[in-house]
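Chain identifiers are assigned alphabetically (A, B, ...) following the order of the sequence lines, protein sequences preceding nucleic acid strands; residue numbering begins at 1 within each chain. What you see is a predicted model; the values in this text were computed from it and never measured.
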Protein chains: 2
Amino acid sequence: MTDIFFDNHNLNDEKVFLKSTELLYFAYRDYIAWPDEVLKKYNFGRAHHRVIFFVNQNPGISVAELLALLNITKQSLSRVLSTLLDKRFISQKIGTRDRRKRLLNLTAKGEKLLFDVSECQKLQMVKACSEAGSVATEGFWKVLSKLINEKNKKDTINLTYK
Amino acid sequence: MTDIFFDNHNLNDEKVFLKSTELLYFAYRDYIAWPDEVLKKYNFGRAHHRVIFFVNQNPGISVAELLALLNITKQSLSRVLSTLLDKRFISQKIGTRDRRKRLLNLTAKGEKLLFDVSECQKLQMVKACSEAGSVATEGFWKVLSKLINEKNKKDTINLTYK
DNA sequence: AAAATATGTCAGTCATGTTGACATATAATA
DNA sequence: TATTATATGTCAACATGACTGACATATTTT
């Protein structure tokens, strides 16, 4: 593909849109589906996976910050988080500066679960990126970053990657 | 990023995995959420959007092919497809070679809906890809392609892009 | 002392996926 | 031709993970 494709030709805009949308849909679906079997053993769903993934990415995150990160309601988070807390996959620590806050961390048990659930995904992603090469991987990240709403970037990427 | 990152260093594997997973999650979420407001006006959801998108990508697709493409059950598709048929966003034509088959196409009304729903997404994707550049966009497609299960590629990418 | 904030919970709803069972029309095969 | 297989559609029940709205408690800020 040459740079002429980005010269305001609507046909190429259409191709970029259709091809990207299709690939993004299938890739996301096939990537996200992997951990399901492992999760089923624990009687957990994808929502539990997301929570332990992001708590691991942001140790000591508060409930409100996690809500902003995931962009879901308190009531929706409550169900999965309560279970993860009850079953000791996540620990809560009362904030020292602000005792209203509950700071979340994975327990050893939670880390083990995340490791098990991540195994296949990690293989799949590392394989895809290494086969595609480092230039392609940088491009992959670049386009994905630009797809994220600026408004959400504040709550998200700042916490881990710039 | 240099090629040394793909030399079997587990720390870099970990980075590739975590960064890619996080970016893919946020990008997909922020990309897919866009059409919701438009869809709400029609009283449709994301499932309806997917159906009209893929019927448009594969004109004359049969129900069984659409099921294989979307990887969902007949019963799940039935609800949304019935509505789209009832309200004349999609037309059914009995197959000529095999009269059991129902070949699906968008009606003019369906094309109008898809256009309205696509408007924001198209802007968002074209903006992201053109800002990232053609090399990055190629890399984006390359990694996404490699994330798709080989088994699914038969049902999917073959139909539109190789 | 009053207002705002962080968290948690109860109750109900919705969208979209799943299984399992069964019916009908048509095509392919023995 | 009779039987079997395929393509489609539909009924019922259920699971997951979102949502809204209301309300309670503890703590911090004003």
(message) Under 4.0 Å, counting only non-hydrogen atoms across every strand here, what does B:Arg46 touch: a base, just sugar-phosphate, or nothing?
(response)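 The residue B:Arg46 makes sugar-phosphate contact but no base contact.
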Taking atom [atom2] of [N] as reference, at what distance in whole Å does atom [atom1] of [X] sit?
{"X": "B:Ile94", "N": "C:dT24", "atom1": "CD1", "atom2": "C1'", "result": "13 Å"}
{"X": "A:Leu39", "N": "C:dT18", "atom1": "CG", "atom2": "C1'", "result": "16 Å"}
{"X": "B:Leu77", "N": "C:dA15", "atom1": "CG", "atom2": "C1'", "result": "15 Å"}
{"X": "A:Lys74", "N": "C:dA11", "atom1": "NZ", "atom2": "C1'", "result": "14 Å"}
{"X": "B:Leu81", "N": "C:dA15", "atom1": "CG", "atom2": "P", "result": "17 Å"}
{"X": "A:His49", "N": "D:dG17", "atom1": "NE2", "atom2": "C1'", "result": "16 Å"}
{"X": "A:Arg97", "N": "C:dA6", "atom1": "CZ", "atom2": "P", "result": "12 Å"}
{"X": "B:Lys40", "N": "D:dT20", "atom1": "NZ", "atom2": "C1'", "result": "12 Å"}

(request) Assert yes or no for the condition that the ring centre distance of B:Tyr25 to A:Tyr28 is strictly below 6.0 Å. (result)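 Here the rings of A:Tyr28 and B:Tyr25 have centres that are no less than 6.0 Å from each other.
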(message) Is the phosphate of C:dA6 approached by A:Gln92 (side-chain N or O, under 4.0 Å from OP1 or OP2)?
(response)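 So the side chain of A:Gln92 is outside the cut-off, no N or O lying under 4.0 Å from OP1 or OP2 of C:dA6.
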(message) Is there a side-chain contact between B:Thr73 and the phosphate of C:dT18, meaning an N or O under 4.0 Å from OP1 or OP2?
(response)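 Answer is yes, contact under 4.0 Å.
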(message) Nearest 0.5 Å, please: how far is CZ in B:Phe140 from CG in A:Leu144?
(response)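 Reported to 0.5 Å precision, the distance equals 5.5 Å.
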(request) For B:Ser62 and for A:Arg99, find the nucleotide of DNA chain D with the closest heavy atom, then tell me which residue's nucleotide is more 5'. (result)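 Its nearest nucleotide lies further toward 5', so the answer is B:Ser62.
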(request) Report the residue (A:Gly95 or B:Leu85) whose heavy-atom-nearest nucleotide on DNA chain D is the more 5′ of the two. (result)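 By nearest-heavy-atom nucleotide position, the 5'-most residue is B:Leu85.
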(request) Measure the shortest side-chain to side-chain distance between B:Met125 and A:Leu147 over non-hydrogen atoms and say whether it is less than 4.5 angstrom. (result)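 A side-chain contact exists here, since the closest heavy-atom pair is under 4.5 Å.
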Candidate nucleotides [options], ranked by approach to the side chain of [X] - the nearest:
{"X": "B:Asp98", "options": "D:dG17, C:dG17, D:dA7", "answer": "D:dA7"}
{"X": "B:Ile72", "options": "D:dT20, C:dT7, C:dT18", "answer": "C:dT18"}
{"X": "B:Arg50", "options": "C:dT9, C:dT16, C:dA6", "answer": "C:dT16"}

(request) Using atom types as modelled and distance alone, determine if a side-chain donor or acceptor of B:Asn105 lies under 3.5 Å from a backbone N or O of B:Gly60. (result)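 Such a contact is found between B:Asn105 side chain and B:Gly60 backbone.
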Per the atom types in the model, does the base of [N] pair as donor or acceptor with the side chain of [X] at under 3.5 Å?
{"X": "B:Gln75", "N": "D:dG9", "value": "no"}
{"X": "A:Arg102", "N": "C:dT7", "value": "no"}
{"X": "A:Arg79", "N": "C:dG8", "value": "no"}
{"X": "B:Arg100", "N": "D:dT6", "value": "yes"}

(message) Below 30° counts as parallel, above 60° as perpendicular, anything between as tilted: where do the rings of B:Phe44 and B:Tyr42 land?
(response)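 Parallel: the ring planes of B:Phe44 and B:Tyr42 meet at under 30°.
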